[in-house]
Amino acid sequence: MRVSRLMLVTLRDDPAEAEIPSHKLLLRAGYIRRVGSGIYAYLPLLWRVLQKISAIVREELNATGALETLLPQLQPAELWQRSGRWAGYTAGEGIMFHLEDRQGRELGLGPTHEEVITALAGDLLRSYRQLPVNLYQIQTKFRDEIRPRFGLMRGREFIMKDAYSFHADEACLRQTYAAMDQAYRRIFSRCGLRAVAVEADSGAIGGSASQEFMVTADAGEDLILASADGLYAANQERAVSLPGEAQPLTGGVRGDGLGEPLATPGQSSIDDLCAAHGFEPSHTVKVLALLARFEDGSQHPLLVSLRGDQQLNEVKLANAVTARLAPEHGTLLEIVPLAADAVSREGLDPLPFGFMGPHLSDALLAGARSWQPRFLRLADATATELEAFVCGANSVDAHLVGAAWGALCPLPDSLDLRAAQPGDRCVHDPAQVLQASRGIEVGHIFQLGRKYSEALEATFTNEAGQEEPLWMGCYGIGVSRLAQAAVEQHHDGNGICWPTAIAPYEVIVVIANVADEPQRELGEQLYAELEAAGVEVLLDDRSERAGVKFKDADLLGIPWRVVVGRGAAQGQVELVQRSVGERLELPASGLQSQLLPQLQRERAGLATA
RNA sequence: CGGGGCGUGGCGCAGUUUGGUAGCGCGGGUGCUUUGGGAGCACUAGGUCGCAGGUUCGAAUCCUGUCGCCCCGACCA
């Protein structure tokens, strides 16, 4: 392709709308244009990148026996009502774009395809003899993100590969899940990306095992905690670790476990309390009051106890609350801290914020206008393991010293609710310490189990002749996000440095001065020869100055640049590797033998690059 | 939704405080000179100052409303 015909529009200045390097570079180099908030046009250069990524995804999935398909984006509400997700996905905070047709039928624009695929599977898969099956598609998804950002990283319309597998039993599901794990590793490696697999929360989609694939980059939205030995890596939402040892409380249990009152005027924070009385944060139990709202409109006050030196992990809390209350009240919509004004709106007396203890009485909730009149009481194991502790006295400006579970109040459910932190010791090996890094989630695989097949009555006949729901897995890759993640991981001060395997073109032949006949001729010749050799090659034939063309080549990030310039008359050209800036003068006749083997290796991605 | 910011030629911005009829750089076009790291000179085209009301002799500028976009947070297979 000739650059003069490429509709290439590069920008000299950073666009005001972009914040992170990959977003700026994709805009500046003419890969994308914003059409609306979170809505982007993929310009011809980016489309080539996306097609290359897609091709790698296809090859690897096809190799596992998965079947490519294409499902509708316009989906009837009825399907989502059957799975029970319509309300949650379309109501106030829902992420599904939805509409009504002229007949008044409700439709949603697919944010994901579990419903459609499960309904189809239920229709088509009747016998265990047909199983397992793994179906995938590469397609545009629509999500009404509350806050789209960072270009393709979080858009409202984006390209995703999603796959859904169906099995006769759980063991078979695990096999396919493992096969997808391996396929994903190959896909990211072939794309030239450094990616790590981390344990993940299953989130709203449900299911048991779940793993995310993160492209490591500083601009990543997710925090990864991993051990240096490579044996453990998890999203912070999910990460577990060993807490530090608690310091024994001097004096131990006092007042038969009811604790002794201590005047603590104005000392409403753990720090203030400890500073004033010489306590350690690990001597204390801190108590958080929160409110959970559910799909059925019910609102449940929560009382969560943590050891004073620990932080709450809200994802773990949400999972614990869901497990206890969702069966009766539907989807958990949100958990918010209990604020003083919310308490007074309920017509209740103020809670002793800053001085709460785990024995806070349900009687305080009596007469609440809309809340459930009792606390759901949960505690992290670090708190329940304390034999004697300091906690709030449930009256302002007072704490209790030497309180004990059982005597003060019944021991609440003991769970893992704490947020693992960088520096924590690892569970699998206490000698290892968790280290933090940032990542961009580009893939996620789940063992869904039978949640959707049960809801949509997708059953098959097993060997014994009985009907049972299909076992399911689902597997996603954010294709357009991956393209931007690649830029985030591979760029420098001059522009993008595409991994060859997903670069829009592999080589750019730059004719330094198109007015110079020998240069032009040699450039055209090399361009034609490279094309004939199956190389994806650009010819910069524009009548720009050489400097402009070099800048653009760097910005675009084409992995190899062949400069046809001063040496052209003598048959000499220059070969430049974009990523490392290495230059090599060589005779034009030797270009292919120098370049082709190198390209061949790079097309395979990281593994052999 | 809460908090912050921004809407002025295609892009990046100044001008708004203190009202007087719009400017700079880049980019586009033409010509000449240049020609290996975003060239120089000259000429040139291009703007309902987001939109709608209002105040005023007069509004990019002041007031009210509204729309859009960006950032932080909440949210998020």
Side-chain angles (χ1 to χ4, degrees), chain A residues 9-20 23-24 27-30 33-39 85 88-89 92-96 110-114 141 143-151 153-156 158 160-164 200-207 210-213 221-222 235 237 314-315 318 332-337 339 441-448 451-452 473-478 481 493-495 510-516 519 540 542-555 561 563-568 573-574 576 581 583 585:
Chain A
V9 178
T10 56
L11 305 174
R12 197 177 292 225
D13 300 309
D14 281 338
E17 70 190 66
E19 200 71 12
I20 62 175
H23 189 192
K24 289 178 181 171
L27 284 164
R28 279 189 56 205
R33 278 296 165 103
R34 192 181 60 78
V35 172
S37 179
I39 305 172
R85 293 208 294 182
Y89 271 67
E93 293 103 60
I95 59 162
M96 183 155 62
T112 175
H113 283 76
E114 277 85 7
K141 291 276 187 282
R143 290 187 192 170
D144 189 3
E145 292 285 349
I146 296 172
R147 181 148 93 86
R149 62 184 123 178
F150 305 141
M153 288 293 193
R154 181 170 299 280
R156 298 197 294 169
F158 58 96
M160 182 172 179
K161 185 285 296 178
D162 49 332
Y164 306 87
D201 185 71
S202 305
I205 194 160
S210 147
Q211 192 168 270
E212 289 169 343
F213 293 82
E221 289 189 271
D222 290 280
N235 193 314
E237 293 179 347
E314 293 184 23
V315 174
L332 172 63
L333 298 179
E334 64 169 357
I335 296 181
V336 294
E441 181 190 345
V442 291
H444 202 154
I445 59 178
F446 296 83
Q447 293 179 28
L448 285 181
K451 172 175 171 180
Y452 293 92
C474 79
Y475 319 93
I477 290 180
R481 178 186 279 186
N494 293 317
V510 177
I511 301 172
N513 181 359
V514 291
D516 182 278
Q519 289 187 28
D540 198 340
R542 294 176 298 171
S543 56
E544 293 286 349
R545 295 163 59 86
V548 173
K549 293 191 268 198
F550 294 156
K551 286 285 185 191
D552 275 345
D554 286 351
L555 184 59
R561 186 172 89 216
V563 182
V564 181
R566 299 187 190 103
V573 296
E574 188 182 49
V576 186
R583 288 151 192 264
E585 290 271 355

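Note that this is a predicted model, so its numbers are computed, not measured.
Along RNA chain B, the nucleotide nearest Arg156(A) and the nucleotide nearest Arg561(A) are compared for position; the residue whose nucleotide lies closer to the 5' end is Arg561(A). When the nearest nucleotides of RNA chain B are assigned to Gln519(A) and Ser37(A) by heavy-atom distance, the more 5′-ward of the two goes with Gln519(A).
Contact annotation: Arg28(A) side-chain N/O to G12(B) OP1/OP2 distance is not under 4.0 Å. Taking only side-chain nitrogens and oxygens, Arg149(A) comes nearer than 4.0 Å to OP1 or OP2 of G73(B).
Per the geometry, CD1 belonging to Ile39(A) stands 12 Å off C1' belonging to G68(B), to the nearest Å. Residue Glu17(A) contributes atom CD, which lies 17 Å from atom P of G68(B) at whole-angstrom precision. Rounded to a whole Å, the CZ atom of Arg34(A) is 9 Å from the C1' atom of G68(B). Rounded to an integer number of Å, the gap from Glu574(A) CD to G36(B) C1' is 8 Å. Atoms CZ (Phe550(A)) and P (A39(B)) sit 12 Å apart, rounded to a whole Å. Between the P atom of G12(B) and the CD atom of Glu19(A) lies a distance of 14 Å, rounded to the nearest Å. Atom pair Glu145(A):CD and C71(B):P shows a separation of 13 Å (rounding to whole Å applied). Protein atom CG of Asp516(A) is 15 Å distant from nucleotide atom P of U34(B), rounded to whole Å.
A gap of 15 Å separates the P atoms of G68(B) and C51(B), to the nearest Å. To the nearest whole angstrom, the two P atoms, one in G46(B) and one in G7(B), are 25 Å apart. Going from the C1' atom of G5(B) to that of G9(B) covers 24 Å, rounded to whole Å. Taking atom C1' in both U64(B) and C57(B), the straight-line distance is 22 Å, to the nearest Å. Comparing G12(B) with G28(B), their C1' atoms sit 16 Å apart, to the nearest whole Å. Across the C1' atoms, G47(B) and A60(B) are found 11 Å apart, a figure rounded to whole Å. The separation of C71(B) from A45(B), taken at their P atoms, amounts to 38 Å, rounded to a whole angstrom. Going from the P atom of C6(B) to that of A14(B) covers 9 Å, rounded to whole Å.
G68(B) is paired with C6(B) under the criterion used here, namely a Watson-Crick or G-U wobble arrangement in which both key atom distances are under 3.5 Å. Pairing for U61(B) is absent, with no Watson-Crick or G-U wobble pair whose two atom distances lie under 3.5 Å. Applying the Watson-Crick and G-U wobble criteria (two distances, each under 3.5 Å), G28(B) pairs with U44(B). Pairing for A39(B) goes to U33(B), judged as Watson-Crick or G-U wobble with the two contacts each under 3.5 Å. Across all strands shown, G73(B) forms a Watson-Crick or G-U wobble pair with C1(B), both key distances being under 3.5 Å.
Enclosure of atom CD in Glu314(A) is not indicated, since only 12 or fewer non-hydrogen atoms of other residues, nucleotides or ligands lie within 6.0 angstrom.
Using a 4.0 Å heavy-atom distance criterion, Ile445(A) is classed as making no nucleic acid contact. At the heavy-atom level, Glu212(A) lies nowhere under 4.0 Å from the strands shown. Across all strands, Asp162(A) comes closer than 4.0 Å to no nucleic acid atom at all (heavy-atom distances). Nucleic acid contact class of Ser210(A) (heavy atoms, under 4.0 Å, all strands): none. At the heavy-atom level, His23(A) lies nowhere under 4.0 Å from the strands shown. Here Val336(A) lies out of heavy-atom contact (under 4.0 Å) with every strand. Nucleic acid contact for Asp554(A): base, since at least one base atom lies under 4.0 Å from a heavy atom of the residue. At the heavy-atom level, Tyr164(A) lies under 4.0 Å from base atoms of the strands shown. Note on Gly476(A): nothing from the nucleic acid sits closer than 4.0 angstrom, heavy atoms only.
Annotation: side chain to side chain donor-acceptor pair (under 3.5 Å) contacts of Arg34(A) (sequence neighbours excluded): none. Checked against side chain to side chain donor-acceptor pair (under 3.5 Å), Thr10(A) has the following partners two or more places apart in sequence or in another chain: Asp552(A). Remark: Asp554(A) pairs with Arg561(A) by the side chain to side chain donor-acceptor pair (under 3.5 Å) rule, at least two apart or across chains. For Glu237(A), the side chain to side chain donor-acceptor pair (under 3.5 Å) criterion is met by no residue, not counting sequence neighbours. In terms of the ring pair (Phe, Tyr, Trp, His ring centres under 6.0 Å) criterion, Tyr475(A) has no residue partners (sequence neighbours excluded).
Using a 4.5 Å heavy-atom cutoff, the side chains of Arg28(A) and Pro15(A) are in contact.
Side-chain N/O atoms of Asn513(A) and base N/O atoms of G36(B) include no donor-acceptor pair closer than 3.5 Å. Arg147(A) contributes no side-chain N or O that forms a donor-acceptor pair with the base of C76(B) under 3.5 Å.
Between Glu221(A) and Arg154(A), at least one side-chain N (NZ, or NE/NH1/NH2) sits under 4.0 Å from a carboxylate O, which counts as a salt bridge. Salt-bridge formation is detected for the pair Lys141(A)/Asp162(A): a Lys NZ or Arg NE/NH1/NH2 atom is positioned less than 4.0 Å from an Asp or Glu carboxylate oxygen. A salt bridge between Glu574(A) and Arg583(A) is present, with a side-chain N of the basic residue lying under 4.0 Å from a carboxylate O of the acidic one. Salt bridge annotation for Glu114(A)-Arg85(A): present, with a cationic side-chain nitrogen under 4.0 angstrom from a carboxylate oxygen.
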Please tabulate the protein-to-nucleotide N/O contacts below 3.5 Å involving nucleotides 23-30 of chain B, giving atom names and distances.
from: G27(B); atom 1: OP1; to: Arg12(A); atom 2: NH2; distance (Å): 2.9

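The Ile146(A) side chain lies nearest to C1(B) when the options are C1(B), C76(B), G12(B). Candidate nucleotides C13(B), G36(B), U34(B) were compared by shortest atom distance to the side chain of Arg545(A), and U34(B) ranks first.
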